[in-house]
Engineer: 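Structure below; questions to follow.
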Amino acid sequence: MRVGVLVSGRGSNLQALLDAQADGTLGAEVAVVLSDQPGAAALERAEAAGVPAIHVPVASKRARMREDDEQQFVSLLREHRAEWVVLAGFFRIVGTPLLEAYPDRILNIHPSLLPSFPGLHAQRQALEHGVRVTGCTVHLVDSGVDSGAILEQRTVPVGQADTEESLSSRVLAEEHLALPATVRRIAVAGFRREGRRVFWNDEGEERT
Ligand code: GAR
């Protein structure tokens, strides 16, 4: 299973994928890493792992890209024979070109238990709302913002003393487990989707 990873910044989730690939537990190969930001640390991480790392210039600063800009991502993903796409800290909204090229084959990692706290600053939103439990979600990407069918979630308790930084770092540790595990599960088992519900092929009827 060949995976293209789209990034915008730090790239710690990309690193979790690359580390899992290196130790043979990803069940997939990172075929290419594409960044909309020229100086993204994620690009250096990809290069260090020997994975093609490409900056894709995007004209607008807006979250929603122009279709011709988005088409560049599609072309590069196809050129590198990516079968699946992972958004790992990619701060753009995916539109028609990518969704039509990779229907139900684009994953995103988000630092909250969706549908709570979509969008930016999810951990700050969780703290301000006063929830006792938050976490992370890996989901399929659809045309909305953090709104697609849920593949995997991991929980993190919120403590009285938590700050945005402390909570983010504990959520991030769970993201680094959830994302490679989900990619592996897709590669090894697969799933089918019925509406918003995802049914994993390796999950028996009896599991609660
Ligand atoms: C991660 O926490 C990811 O879940 C979040 O940005 C961070 C990227 O970190 N993504 C979103 O909030 C998307 N809505 P990374 O670049 O170190 O992987």
Side-chain angles (χ1 to χ4, degrees), residues 3-22 26 28 30 32-49 51 53-56 58 61-65 70 73 84-95 98-99 106-129 131 133-156 158 162-183:
V3 178
V5 183
L6 273 49
V7 295
S8 295
R10 176 178 61 183
S12 70
N13 278 292
L14 166 68
Q15 191 67 56
L17 294 171
L18 294 170
D19 291 348
Q21 180 178 327
L26 189 61
V30 179
V32 65
V33 173
L34 305 177
S35 170
D36 64 323
Q37 301 297 325
L43 289 173
E44 288 165 30
R45 294 180 190 263
E47 276 164 17
V51 173
I54 303 167
H55 165 234
V56 182
V58 174
K61 286 206 182 343
R62 301 177 109 103
R64 229 172 253 289
M65 293 179 277
E70 190 167 329
F73 286 88
W84 286 77
V85 179
V86 174
L87 310 184
F90 183 63
F91 292 102
R92 301 273 186 176
I93 298 172
V94 161
L98 276 160
L99 290 170
I106 307 177
L107 321 183
N108 181 44
I109 177 93
H110 182 76
S112 75
L113 295 176
L114 291 170
S116 291
F117 317 129
L120 294 175
H121 309 300
Q123 304 92 332
R124 189 190 305 168
Q125 292 184 58
L127 270 182
E128 285 175 354
H129 200 91
V131 294
V133 178
T134 186
C136 65
T137 303
V138 183
H139 64 92
L140 290 173
V141 173
D142 64 11
S143 58
V145 175
D146 301 324
S147 57
I150 291 168
L151 293 165
E152 167 72 355
Q153 293 186 301
R154 296 180 71 103
T155 58
V156 173
V158 182
D162 263 319
T163 61
E164 190 178 352
E165 290 67 36
S166 67
L167 186 58
S168 298
S169 89
R170 291 210 315 290
V171 171
L172 195 62
E174 295 302 319
E175 295 181 44
H176 295 164
L177 300 174
L179 187 57
T182 305
V183 169

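Atom set for the values below is all heavy atoms of this structure, side chains included, hydrogens, waters and symmetry mates excluded. Start at 1 and go down the list; that is how both ligands and their atoms are numbered.
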Engineer: Which ligand 1 atoms does Asp146 reach within 4.0 Å, using its non-hydrogen atoms?
Structural biologist: 14 (N)
Engineer: Does any part of the side chain of Leu43, heavy atoms only, come nearer than 4.5 Å to the side chain of His55, both counted from C-beta?
Structural biologist: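 Yes; the side chains approach each other to less than 4.5 Å.
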Engineer: Counting heavy atoms only, which of His110, Arg10, His176 comes nearest to atom 7 (C) of ligand 1?
Structural biologist: Arg10
Engineer: Which atoms from ligand 1 have a heavy atom of Glu175 less than 4.0 Å away?
Structural biologist: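 It comes down to these atoms of ligand 1: 1 (C), 2 (O), 3 (C), 4 (O).
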Engineer: I'd like to check whether Asn108 has a polar contact with ligand 1, where a contact means an N/O of the residue lying under 3.5 Å from an N/O of the ligand.
Structural biologist: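 By distance alone, the answer is no.
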Engineer: Apply side chain to side chain contact (heavy atoms under 4.5 Å, CB included) to Ala173 and list each qualifying residue two or more places apart in sequence or on a separate chain.
Structural biologist: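 In terms of side chain to side chain contact (heavy atoms under 4.5 Å, CB included), with neighbours along the sequence ignored, Ala173 is linked to no residue.
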Engineer: Just to confirm my output: which protein heavy-atom neighbour is closest to atom 10 (N) of ligand 1, and how far is it?
Structural biologist: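 Looking only at protein heavy atoms, the one closest to atom 10 (N) of ligand 1 is Ile109 O, 3.7 Å.
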Engineer: Please report the closest heavy-atom contact between Arg92 and Asp36, naming both atoms and the distance.
Structural biologist: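 The answer is NE-OD2, 2.7 Å.
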Engineer: Check Ser12 against His176 and note the closest heavy-atom contact, atom names and distance.
Structural biologist: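 What the structure gives for the nearest pair is OG-NE2, 2.8 Å.
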Engineer: Specify the closest pair of heavy atoms between Leu26 and Leu17, including all atoms of both residues, with the distance to one decimal.
Structural biologist: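 Scanning both residues, the minimum pair turns out to be CD2-O, 3.5 Å.
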Engineer: Heavy atoms only: give me the nearest Ala88-Ile109 pair and the separation to one decimal.
Structural biologist: CA-CG2, 4.1 Å
Engineer: Given that the side chain starts at C-beta and the backbone is N, CA, C, O, which of these parts of Phe90 lies under 4.0 Å from ligand 1, counting heavy atoms, or is it both or neither?
Structural biologist: neither
Engineer: May I ask you to list the atoms of ligand 1 that are less than 4.0 angstrom from any heavy atom of Pro111?
Structural biologist: 4 (O), 5 (C), 10 (N), 11 (C), 12 (O)
Engineer: Using ring pair (Phe, Tyr, Trp, His ring centres under 6.0 Å) as the criterion, list what pairs up with His121, not counting sequence neighbours.
Structural biologist: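 Ring pair (Phe, Tyr, Trp, His ring centres under 6.0 Å) check on His121 returns nothing, list empty.
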Engineer: Give me the nearest non-hydrogen protein atom to atom 8 (C) of ligand 1 as residue plus atom name, then the distance to 0.1 Å.
Structural biologist: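 Heavy-atom neighbour on the protein nearest atom 8 (C) of ligand 1: Gly89 CA, 3.7 Å.
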Engineer: Just let me know how Leu87 lines up against ligand 1, side chain, backbone, both or neither, with a heavy-atom cut-off below 4.0 Å.
Structural biologist: neither
Engineer: Heavy-atom contact check, 4.0 Å cutoff: does Ala122 meet ligand 1?
Structural biologist: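 Flag not set, Ala122 not near ligand 1.
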Engineer: Which residue and non-hydrogen atom of the protein lie closest to atom 16 (O) of ligand 1, and at what distance in Å?
Structural biologist: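 Going atom by atom, the protein heavy atom closest to atom 16 (O) of ligand 1 ends up being Gly11 N, 2.8 Å.
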Engineer: Quick one: nearest non-hydrogen protein atom to atom 15 (P) of ligand 1, plus distance?
Structural biologist: Ser12 N, 3.4 Å
Engineer: When you measure from atom 6 (O) of ligand 1 to every protein heavy atom, which one gives the shortest distance, and what is it?
Structural biologist: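 For atom 6 (O) of ligand 1, the nearest protein heavy atom comes out as Phe91 CZ, 3.3 Å.
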Engineer: Would you say the side chain of Phe73 lies within less than 4.5 Å of the side chain of Val58, judging by non-hydrogen atoms?
Structural biologist: yes
Engineer: Among Gln153, His110, Glu152, find the residue that satisfies the side-chain hydrogen bond (donor to acceptor under 3.5 Å, both in side chains) test when tested with Thr137.
Structural biologist: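 It is Gln153, the one option of Gln153, His110, Glu152 that forms the side-chain hydrogen bond (donor to acceptor under 3.5 Å, both in side chains) with Thr137.
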